[in-house]
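Below is one structure; the comments refer to it alone.
Sequence lines set the chain letters: A, B, ... in the order given, protein chains first and strands last, and positions in each chain run from 1.
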Number of protein chains: 2
Amino acid sequence: MFINIDPSSGLPIYIQIAQQIKTAVAMGRLQPEEPLPSVRQLAVDLAVNPNTVARAYLDLEIEGVIYKRQGAGTFVSGQGVEMSKAERRRVLTELLEKALVEGVNLGLSEQELRETFDRVLDKILLGRAPEPVGK
Amino acid sequence: MFINIDPSSGLPIYIQIAQQIKTAVAMGRLQPEEPLPSVRQLAVDLAVNPNTVARAYLDLEIEGVIYKRQGAGTFVSGQGVEMSKAERRRVLTELLEKALVEGVNLGLSEQELRETFDRVLDKILLGRAPEPVGK
DNA sequence: GTCACTGTATTAGTTGACTGATACAGTGGC
DNA sequence: GCCACTGTATCAGTCAACTAATACAGTGAC
């Protein structure tokens, strides 16, 4: 599996799991309808309690990134989250503001902020290139 | 004072304080060398324990946003943080990645991501307009 | 229906984050 | 030196987050 836990990171295990899956989905490394490893299987792989994996999956389900079918398994959601556009932009704005406030306080120039943004955006959108634009 | 605590936010008080001061500094609402309210004063204003304010100030000092002089007071730092440029870009990259992963998973288009970025960046840089570029 | 797999629920222990009370220590105007 | 202000240190209580052990419940191939 593509997930690895960093015990020294200070971040809760279930957050690390959720975060990495979320990133994989965003980058297209995990495709819609693709099954995720079972709660138990992933728990064994990562040497953690099944409940911890379940907790990560639960959070992702609430966010709409994945969905579960009792007894059957867990799968990547087909489409984006059910949320008003205004709400989605509000969430994004908040996160971007946090990032940029940090960047400005670190003394980075406007140009550096823009460059970094472009670089990160490109990296994320690359894996989705095949058919995201015209969809 | 410009700080207000939202008890329902779930965020620790000292984080809320630190965050708002950090944002104020980034946006130029707090100028370099400007004194901050004393630990005790702000504690009274916000109706929290002085230690809680001190904790926020400590974090901000560690990050280099402010500095303190025992017995004298607390002030906004003159310049950006002491950190290698590589390190600073790493921090920014991490935060931007988090924001953009979220945005992509929310189903926002590349254009929407770029627009939101521009809007947020403009808002932050506005207060600093007088003399940041040529400095 | 059975078996081997799915996710779910309950309960509980540990740990550390968070906040606060209180006492200590430095600074500077008078 | 004194006083009124600064920030600092110590200690302790509360509470919730996090993880785990264990038992429950749905699914589907056979």
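Residues passing the side-chain contact (heavy atoms from CB on, under 4.5 Å) test with B/Ile15 are B/Leu11, B/Pro12, B/Gln19, sequence neighbours excluded. Partners of A/Asp59 according to the side-chain contact (heavy atoms from CB on, under 4.5 Å) rule, which considers only residues two or more places apart in sequence or in another chain, are A/Tyr14, A/Arg55. By the side-chain contact (heavy atoms from CB on, under 4.5 Å) test, A/Glu115 pairs with A/Gln111, B/Arg89, sequence neighbours left out. Applying the side-chain contact (heavy atoms from CB on, under 4.5 Å) rule to B/Arg114 yields the partners A/Phe117, A/Asp118, A/Leu121, A/Asp122, B/Glu110; only residues at least two apart in sequence or on another chain are considered.
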For each nucleotide in nucleotides 17-30 of chain C, reading 5' to 3', give B when a protein heavy atom comes within less than 4.0 Å of its base, S when such contact involves only the sugar-phosphate, and - otherwise.
-> -SSBBBB--BSS--
Donor-acceptor pairs under 3.5 angstrom involving side-chain atoms of residues 95-104 of chain A: please list them, not counting sequence neighbours.
| unit_1 | atom_1 | unit_2 | atom_2 | d |
| --- | --- | --- | --- | --- |
| A/Glu97 | OE1 | B/Lys123 | NZ | 2.9 |
| A/Glu102 | OE1 | B/Lys22 | NZ | 2.8 |

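Between the CG atom of A/Leu58 and the C1' atom of D/dA17 there is a distance of 15 Å, rounded to whole Å. Spacing between atom CG of B/Leu60 and atom C1' of D/dG7 amounts to 15 Å, rounded to whole angstrom units. Going from atom CD1 of A/Ile17 over to atom C1' of D/dA20 covers 14 Å, rounded to whole Å. One interatomic measurement links the two molecules: CD of A/Gln41 to P of C/dT6, which rounds to 7 Å at whole-angstrom precision.
Dashed line: the shortest gap from a side-chain N or O of A/Thr74 to OP1 or OP2 of C/dG7 is under 4.0 Å. Side-chain nitrogen and oxygen atoms of A/Lys68 include none within less than 4.0 Å of the OP1 or OP2 phosphate oxygen of D/dG26.
Ion pair B/Glu112/A/Lys85 flagged as a salt bridge, since at least one NZ, NE, NH1 or NH2 atom sits closer than 4.0 Å to an Asp/Glu carboxylate oxygen.
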